[in-house]
Enquirer: 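Please read through the structure below; I'll follow up with questions.
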Amino acid sequence: MSSVRVTLPDGSTREYDHEVTPLDVAKSIGTGLARAAVGATVDGKVVDLNTPLAGDTAVSILTDRSPEALEILRHSTAHLMAQAIKRLYPEACFGVGPVIDNGFYYDVDIDSRLTPEDLPRIEKEMRRIIKQNVAVERRELPRDEALAAFRAAGDPYKVELIEAIPAGETISTYGQGEFVDLCRGPHVPTTGKIRHFKLQSIAGAYWRGSEKNKQLQRIYGTAFFTKEELEAHLHMLEEAKRRDHRRLGRELDLYHLQEEAPGMVFWHPNGTRIWEAVEGYVREVIGHHGYQEIRTPMIVDRSLWERSGHWDKFREMMFTTESEAREFAVKPMNCPCHIQVFNQAVRSYRELPLRLAEFGSCHRNEPSGTLHGLMRARNFVQDDAHIFCTEQQIGEEVVAFIRLVFEVYETFGFGAPLIKLADRPEQRVGSDEVWDRAEAALRHALAEVGADYELNPGEGAFYGPKLEFSLKDSLERVWQCGTIQVDFSMPGRLDATYVGEDNAHHTPVMLHRAILGSIERFIAVLIEHYGGAMPPWLAPVQAIVLPISERHRGYAEQVGRRLGDAGIRVEVDRHDEKVGAKIRNAQLRKIPYMAVVGDREAEETKVALRLRDKGDQGSMDIDSLSDRICAAVRSRTTEL
RNA sequence: GCCGACGUAGCUCAGCCGGUAGAGCAGCUGAUUUGUAAUCAGCAGGUCGCAGGUUCAAACCCUGUCGUCGGCUCCA
């Protein structure tokens, strides 16, 4: 046996003259480390703790603090769950069981239909296996042997998975007790390492995601290293449920949906006020950035959609209507109409870049199963704009847009967006050189503003590559909202031209861009981000005057008028209730400013201010309150 | 669109083995005149999503359909 030389992350080296594993290395460093060890990386590759080491290697022990370790833990928990299920349902076959964001799932095929009540039983069996502290062992084996084993076990899905593994790749299984699963690994060394987990839900999922295949039962779960983390995560899920915009939309009387118009929103007065604040702000800020607003028809003859290419690709998603033997389509997007506006004049290169914006109402006949409150609707308004420019201008326009997105998201109370560059998809129009240039322009723009980004390969639109901007909400959830897409194709298809310096006609490049995306969806994100407690500038009702008793009604009305005259969205509570009840109602409606008025205030023409999140603030002049609210609204701060 | 669950008053929900619908909150009326998260009482409110079917009898069983929810798939 040749000696093993191990280099640790701190640069130190250790030599062994016998066979060692990362676990041995960890033990030789300290028993604490060995106890905390979950896996290891060897030359950058994540492996099991009991992987034999050979030669000269860089080893790093993964403890419960490293993100890779959490993945290992969750993956092992998925196996543990499978083992428990197999014990309870011996006929069980398994599909795939990967780690996902925040947890894992495993697809199972069993005869009986699982219900949420079955999950505690499975959890109980899992705990039993944890207590037994079963060793988890990796085994590498030749393809035919693996096939034979899983065929013998009567596991059709695993056989199919093995067949899909490219030749030359190592095939490995992990065994724990009587349970053996096909798996790349790595895993925790023993089931005892798993402690804090929870099985969460069951859902149907097709084998390999195709509805032609059998539907399996997918069980979702999650696992953490500490009880606190698990509880925090479960609490976060509760919080997400509490903040669900569909629930808050009803509770705060913002909007409703009904059967007769599936996926299309009826905005109530409160929701409309939020809408107006959002739209008004974007209108203001894009005005400063050189956009001009236009309005275009909602229903357009089919021929335009044929020329734009949408009819061919997205016909099933378009609503159509007909009149006088002509077929029309309700617009699913605004771009063809914007090109019509562009085309209404002979354009000079001096006019470029021409930025045409529209809060355009679009309809897309989304499959019924995908509808989800405001998040996924069939009718939505985009904060859309199309920038007509030369190819040379793409770079600076994209740079300006990225800065604009940062500015807008910050105003709405979000941090810096995550950016993805989506490049050419398989189905596309346009030559490869054109795509090369477009993708390069986006990369250069990102470099110029110094923004970090990820590549999203093959996810571009059919007409061009795009940048996608996602924001992170207060529960750390990521929402894709903004986008800018280069389009070398549609202006040409729809005959857009401009006269260049050379007096010749040229086809402009078009940039499709949206900051918020769908306003419906963006408002949903805002509602969930703020849990319905909107900052003053977005709050449907910014202030409410609460008279202590009926005899203070007159003064309350007076205060309400003063605030209303200052442009504040204010209400007076006229219910015959005690203040406590009025305050409770105002709190539940998440109104930021409450002005309590009784004898003392009426005498001194003052108000007692109560803040939504800070309680009683004592008395102040009506004008100071008015100024304070106006200042908060004007500055669009989240502070009250 | 696919699979599953669900659909009862404005909202949240009860309603057993099929016997003809109930609560709390909200609303209205009255009493009360209130000082920082729920004053009391009364009243009113439902073709039990919709359409068929089975049955002496259907909120309940069956079929279809629409919608919602959870996933899957999709998202120009």
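Values below: every heavy atom of this structure, side chains too, minus hydrogens, waters and symmetry copies. What you are looking at is a predicted structure, and each value in this text was computed from that prediction instead of being measured.
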Enquirer: Could you tell me whether A:R600 contacts a base, only the sugar-phosphate backbone, or nothing, with contacts defined as non-hydrogen atoms closer than 4.0 Å?
Expert: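 It contacts base atoms.
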Enquirer: Select base, sugar-phosphate, or nothing to describe what A:H256 touches, counting heavy atoms under 4.0 Å on all strands.
Expert: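 Nothing: the residue A:H256, judged by heavy atoms under 4.0 Å, touches no strand.
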Enquirer: Just name whichever nucleotide pairs with B:G4, Watson-Crick or G-U, keeping both distances under 3.5 Å, else none.
Expert: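 Check on B:G4: paired to B:C69, both distances under 3.5 Å.
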Enquirer: On a plain distance test, is the side chain of A:R376 in donor-acceptor contact with the base of B:C75 below 3.5 Å?
Expert: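 Checked by distance alone, the answer is yes.
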Enquirer: Would you classify B:C69 as syn or anti? Syn applies when the glycosidic angle is within 90° of 0.
Expert: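 Base orientation: anti.
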Enquirer: Check for me: is A:Y463 stacked on B:A76 by the 5.5 Å centroid and 30° plane-angle rule?
Expert: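 Taking the rule of under 5.5 Å and under 30°, the ring of A:Y463 does not stack on B:A76.
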Enquirer: Show, in sequence, the C-alpha distance, side-chain angles and deciding distance for A:T296 and A:K331, and conclude whether the side chain to side chain donor-acceptor pair (under 3.5 Å) test is met.
Expert: CA-CA 10 Å; A:T296 64; A:K331 72 176 171 189; 2.9 Å; yes
Enquirer: Could you tell me whether a side-chain N or O of A:R610 sits under 3.5 Å from a main-chain N or O of A:M594, the two making a donor and an acceptor?
Expert: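 Checking the backbone N and O of A:M594 against the side chain of A:R610, no donor-acceptor pair under 3.5 Å is found.
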Enquirer: Answer with base, sugar-phosphate or nothing: what part of the nucleic acid does A:G369 contact at a heavy-atom distance below 4.0 Å?
Expert: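 Answer is base: heavy atoms of A:G369 come under 4.0 Å of a base.
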Enquirer: Look at all strands and tell whether A:N585 reaches a base, only sugar-phosphate, or nothing, counting heavy atoms closer than 4.0 Å.
Expert: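 The residue A:N585 makes no contact with any strand.
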Enquirer: Examine the base of B:G35 for any acceptor or donor lying under 3.5 Å from a partner atom in the side chain of A:E601, and report the outcome as yes or no.
Expert: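 Pair found.
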Enquirer: Contact class for A:V579 vs. all strands (heavy atom < 4.0 Å): base, sugar-phosphate, or nothing?
Expert: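 Result for A:V579 = sugar-phosphate.
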Enquirer: Applying a 3.5 Å limit to both distances, which nucleotide forms a Watson-Crick or G-U wobble pair with B:C61?
Expert: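 B:C61 is paired, partner B:G53.
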Enquirer: Nearest 0.5 Å, what's the OG1-NZ distance between A:T483 and A:K420?
Expert: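 The NZ atom of A:K420 is 12.5 Å from OG1 of A:T483, to the nearest 0.5 Å.
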Enquirer: Let's test this: given Watson-Crick or G-U wobble pairing with both distances under 3.5 Å, identify the partner of B:C13.
Expert: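 Paired with B:C13, as far as the under-3.5 Å criterion goes, is B:G22.
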Enquirer: Pick the closest RNA chain B nucleotide for A:R250 and for A:E366 by heavy atoms, then say which residue is nearer the 5' end.
Expert: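 Nearest nucleotide further toward 5': that of A:R250.
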Enquirer: Would you indicate what A:Q382 reaches in the nucleic acid, counting non-hydrogen atoms under 4.0 angstrom: base, sugar-phosphate, or nothing?
Expert: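 No contact at all - A:Q382 keeps every heavy atom at 4.0 Å or more from the nucleic acid.
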Enquirer: Specify the residue among A:E468 and A:A261 whose closest nucleotide of RNA chain B lies further upstream toward the 5′ end.
Expert: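 In this pair, the answer is A:A261.
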Enquirer: Determine the sole option in A:F94, A:Y106, A:W207 for which the ring-ring contact (aromatic ring centres under 6.0 Å, His included) test with A:Y157 is passed.
Expert: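 Result: among A:F94, A:Y106, A:W207, A:W207 is the only option passing the ring-ring contact (aromatic ring centres under 6.0 Å, His included) with A:Y157.
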Enquirer: Given salt bridge (Lys or Arg N to Asp or Glu O under 4.0 Å), test A:E604 with A:R600 step by step and report yes or no.
Expert: CA-CA 6 Å; A:E604 303 167 24; A:R600 293 202 291 273; over 6 Å; no
Enquirer: Would you classify A:R610 as touching base, sugar-phosphate or nothing, given that sugar-phosphate means primed atoms plus P, OP1 and OP2, and contacts are heavy atoms under 4.0 Å?
Expert: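 Base contact.
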Enquirer: Mind checking A:M594 for me? I need base, sugar-phosphate or nothing, with any heavy atom below 4.0 Å counting as a touch.
Expert: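 Counting heavy atoms under 4.0 Å across all strands, no contact is made by A:M594.
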Enquirer: Could you check whether A:A586 gets within reach of a base, just the sugar-phosphate, or nothing at all, counting any heavy atom under 4.0 Å?
Expert: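 The residue A:A586 makes no contact with any strand.
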Enquirer: What is the nucleic acid contact for A:H552, judged by heavy atoms within less than 4.0 Å: base, sugar-phosphate only, or nothing?
Expert: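 Since no nucleic acid heavy atom lies under 4.0 Å of A:H552, the category is nothing.
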Enquirer: Hey, does A:S368 have a side-chain heavy atom less than 4.5 Å from the side chain of A:P262?
Expert: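 No, side chains not in contact.
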Enquirer: Using both distances under 3.5 Å as the test, list the Watson-Crick or G-U wobble partner of B:C40, or none.
Expert: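 Check on B:C40: paired to B:G30, both distances under 3.5 Å.
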Enquirer: Looking across every strand, which nucleic acid part, if any, lies under 4.0 Å from A:E577 by heavy atom: base, sugar-phosphate, or nothing?
Expert: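 Touches a base.
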